[in-house]
Structures are given as C-alpha cells and as structure tokens.
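Working notes for the structure below.
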Amino acid sequence: MLYSDKVMDHFMHPRNVGEIEDATATGTVGNPKCGDIMKVFLKIEGDVIVDAKFMTFGCGSAIATSSMATEMIKGRTIDEALSLTNKAVAEALDGLPPVKMHCSLLAEQAVKAALKEYYEENGGIPADKQKYFDVLEEDEHSV
Amino acid sequence: MAGQDVKRVYLDNAATTIVRQEVIDEMLPLFTENYGNASSIYKEGQKAKSTLEDARSRIAKSLGAEASEIYFTSCGTESDNWAIKGAAYRYAKKGKHIITSIIEHHAILHSCESLAKQGFEITYLPVDEFGLVLPSDLEAAIRPDTILVTIMMANNEIGTIQPIEELAAICKEKKVLFHTDAVQAGGTLHIDVKSLGVDMLSLSGHKLHAPKGVGLLYIRKGVAISNFMDGGAQERAKRAGTENLPYIMGFAKALELAVADIDENAARLQKIRDNLIDEVLSRIPHTRLNGHADKRLPGNVNFSFEFIEGESLLLLLDHMGFACSSGSACTSGSLDPSHVLLAIGLPHEIAHGSLRVSIGKYNTEEEVMSIVPALEVIVQRLRDMSPLYDDFVKNRTSAYISCNRCGK
C-alpha cells in the first residue's frame, strides 16, 4: 500500500471536517491548478485555539494531513500551534511517500495562514513571531 | 462505507487484463514439453520453430498481414520504441522531421523526446475537444524532410478512435512512413493492416487477455527500419533474443479468440458503456464525459467530476471494491494532470478530477452498473469537504461543468 495505516485512517475518517461559521481566522493555501487547496478555520479564545476545522480539495494525503494538522492544534495555545511543522504532521501520520511530502507542508501553511490572519487583525505579527511565517513563502512543491 | 471483504470489481482493463484459461492451456505444454530453442537444428529446436511459425501465421491471419511482416517483441512499449527510433535512425540522412500527436502514450512521446535530444525535430499535432487529430492538420504539417508519422489508433485514457485510414492515406500520398500504436485497440476493434494502409503497427498481448511480456511490431513488406536489439538472427535478424515461445503462442491464441467474436463482444461492451455514461451523467451533477460519444473504444469511459480530486476518488472506490484509474497528477507522481485531458482543453482542476473506467470481456453489466451508486456516495462525500464546492454552493464562484438538472 502506498500510504500508512494512519494516513488511510485519517483519509477514510477525517477529523474536524467542515466550516466554523464564526471562525476567528481562516487560512487558504494551494491552488486548484496543482490539484490541492486547503482551507483551515480557527476559533480562538484568549490565546487558546478552542476549535479547528478544515475543508480540502486534494488527494488522500492532502485530506489526511489536513485532518492530522487540525487535530494537533486543537485545544493548544497559539504559541504551541506556531511551532507546528510539516515534519511533525508527517511523522504523526507514520510518514508520507516522498512525492506526498508537499501535502504536509500545505497543511502547515494553511494553519500558519490562519494564524497570520489572526495576528493581522489583532495589531500585526509580533517581531519575534515573524520567523514562524517564513514557511508561507516556500513553494509547496519544492519539498 | 464497505470494508475489507467486499467483492472486487475490476474495471481497469485498459491497464491490463486477466489471462484467458484457453490461452493458458495453449501455453502450458510449451514450458515443459515443447520447450526447445527455435534456433536449434535438432528435433526439439525444429519443433519449437514450427510452433513459432504457426503462432506467427495465426497472428498474421488475425491482422490481415503476411507472416513475414510480424516481428515479436517483449511489449507494446518496445514495439513503439523500435518503430520510431528504427525509422528515425534508418532515414536520418533523408530528413530529421517526425510528426506525432499531443495525446500519444508515453512510449511514443518519450521516444520522440529522446530523438529530439539527438537532433530530430518533432511536430506534435493538436487534437480537437473530443481528442481527434484533424487530417488537414497532418497534411499541413508534412514537410519534405518528414520521415515518419506516428498516430495512435485509439487513446488509452479517453478512448477516442482516430481516422487511421485517412491519416495513413495522406502519408502514403506524401511518401512518408506511417506507424500506429494500436495497443488499446487490440482485441476490441477490427485491425486489418492492409485496409488501414499502415506501414507499421504496434500491439501488446496483455491488453487482450494474453500474458504480460509479449508484443509485436507489424512492419509492412518493403519497409526497412534499423534494428533495435542486436544479437542473434532471430526474427529475420531484425530483433535479436530467443523467442518467448509460450507467450507468443498465448498472444496468438488470445488474438484469435478475440477476433472470433469481436463484433458481439464490442456490441455488448458498447451497450454497457453507454448505459454507464447515461446513468452517471444523469445522476451526478457537474460531471462530464471526456472523449468522443461514438468514435470511442467500446469499453472506455472517462468522466470528470468537478470540485474533487481523482486520487481521493480512486482510494474510496478501491475501498468499496472497485479498481479504476485516474488522470490526476497525484496518481501519476507528477505535478500536472494527464496530458491527454489538458490537450482536449480541460482546465487543470477539471482534469485532476477525472476517472477512467475500462470495461472488459469478463465484466458483467450488473457489476459495472454497481459502480453508479458507489460513485454517487463518494463524489458527494468528497464534494462536501471541498472548499471549491463550498464556494460554488455559496454562490462565490460558478461551475465549469454546468449542472444537468438546474443548468447552474
């Protein structure tokens, strides 16, 4: 099988699918041309992400990484979510095939894009947090 | 959704087919009894030789060719490589221009790319929205230095059948060699090399219920191309290597059986095909048929489902027991979706959401049609998590494939 059991589990039974109507922030990355788009919705209270949901157009690993990434930040603080990496998402899924690693980057980027929107609506990204958003400049397909 | 123990329905007969029992029966004695080397002079060798020539005659008869015009190879890809590179190297002094189409199989396209790196010039003919090459385009592309034209008989993804007689006639008039990759046509379409008027034709065994590992190249008498495999004097000293007799005989038997009931088989497949197309298009909105309605392989169906991606679709279909294929980038390992679907004018996102169902001789109508309710469930499930569909439902974007019910 191309995918690990964990990837298949998150693909067959994705966690956190859907929209948060009153989301604090959303982040959309990818494009239909490449065959994958991820949209992440965050509900933030104080400095805690109380809820995270996603909608994804993409392959099995795009859906599985969206599911895992939202699981990994739900109930966590913003600072904890900022330290999420694509590697950690892939590892939590027991690895991804090399050609699918870009999907995990997309998942990290979707979370970071939502957090960026959150900061921008709340006075801007603090200087010491800027480094966590460098990943948004990366080309997903360079991974 | 269904689990691990569901009944399997194999709907990827364009990828490969099950080997017919009659074919296996014909092959088995050639492993243990009649196993000689056809090049040896003693009895076992001569017996093998006569079996080989029997297979060659039977294949030739099935294709309307002379036995001496049939050369056995290891697969369709080898036949395509040999035809193209063999003609290119043989006639390089005459000219270095080759014409093909933009929707060929990679065995053709990559052979041409390899020649382009060696100084040959390749013209890729476009196709119309149904995947047809226009004969007028071919006529206009032929130059004094054109040495070869290669156009597939039927497309492996969308099933479009090209007007081979017409294309071959143009080449004949302009005195340019014409090759066709007939791998997908083998077993379901009539192939008569003389009435097609082709100079070379590639065929593969495993697409027509023979085993993998055997193919052939028809080379019309009077056409000379360079050798591809160097070595012994097998295949009239044109394709070296000990002949794979059991597989060649299996190929001969499978082709013979296919030709024997080709019209009945094609009519049955076509009926199931059209039924499936009608049902899916009427039951799943924002879906289109890719390829031509009539000029289409009897067992080929290719849909695009808007707002979803093909690999997810295949994984869920697999889980429900169905083996199919897709032209999405994710299933090919490249970043771009199928070159064929892009060539017929589909935008990338529509090409990513494609599904090919290829129906074969051993599929029942009932099992083929059982994919329809599965597709309804799966497509809706994927759309429900797609941000593209969400945008459409909330009127933020419009659909590329309009709904067959509401027209939206």
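Below, read A as the first sequence line, B as the second, and so on, with proteins coming before strands; counting in each chain starts at 1.
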Exercise. When you measure from the side chain of Glu309(B) to the backbone N and O of Phe57(A), does any donor-acceptor pair fall under 3.5 Å?
Worked result: no
For this session: For Ser312(B) and Gly58(A), indicate whether the former's side chain and the latter's backbone hold a donor-acceptor pair under 3.5 Å.
Result: yes
Should we say atom [atom1] of [X] is surrounded by more than 12 heavy atoms from elsewhere, each under 6.0 Å from it?
X: Lys116(A); atom1: NZ; answer: no
X: Asp134(A); atom1: CG; answer: yes
X: Glu121(A); atom1: CD; answer: yes
X: Ile18(B); atom1: CD1; answer: no
X: Lys131(A); atom1: NZ; answer: no
X: Arg76(A); atom1: CZ; answer: no
X: Lys7(B); atom1: NZ; answer: yes

Which region of [X], side chain (C-beta onward) or backbone (N, CA, C, O), has a non-hydrogen atom less than 4.5 Å from a non-hydrogen atom of chain B, or is it both or neither?
X: Ile37(A); value: both
X: Pro14(A); value: side chain
X: Ser61(A); value: backbone

For this session: Taking all heavy atoms of Glu311(B) and all of Lys100(A), pick out the closest pair and write down the distance.
Result: OE2-NZ, 2.7 Å
For this session: For residues Lys39(A) and Arg396(B), report the shortest heavy-atom separation together with the two atoms involved.
Result: NZ-NH2, 4.0 Å
For this session: Would you mind checking which part of Phe307(B) comes under 4.5 Å of any heavy atom in chain A, side chain (CB onward), backbone (N, CA, C, O), both or neither?
Result: backbone
Atom [atom1] in [X], atom [atom2] in [Y]: separation rounded to 0.5 Å?
X: Leu388(B); Y: Met55(A); atom1: CG; atom2: CE; answer: 9.5 Å
X: Met12(A); Y: Arg381(B); atom1: CE; atom2: CZ; answer: 5.0 Å
X: Glu349(B); Y: Asn31(A); atom1: CD; atom2: CG; answer: 8.5 Å

For this session: Apply side-chain contact (heavy atoms from CB on, under 4.5 Å) to the pair Leu382(B) and Ile63(A), showing each step before the final yes or no.
Result: CA-CA 10 Å; Leu382(B) 290 172; Ile63(A) 290 169; 4.0 Å; yes
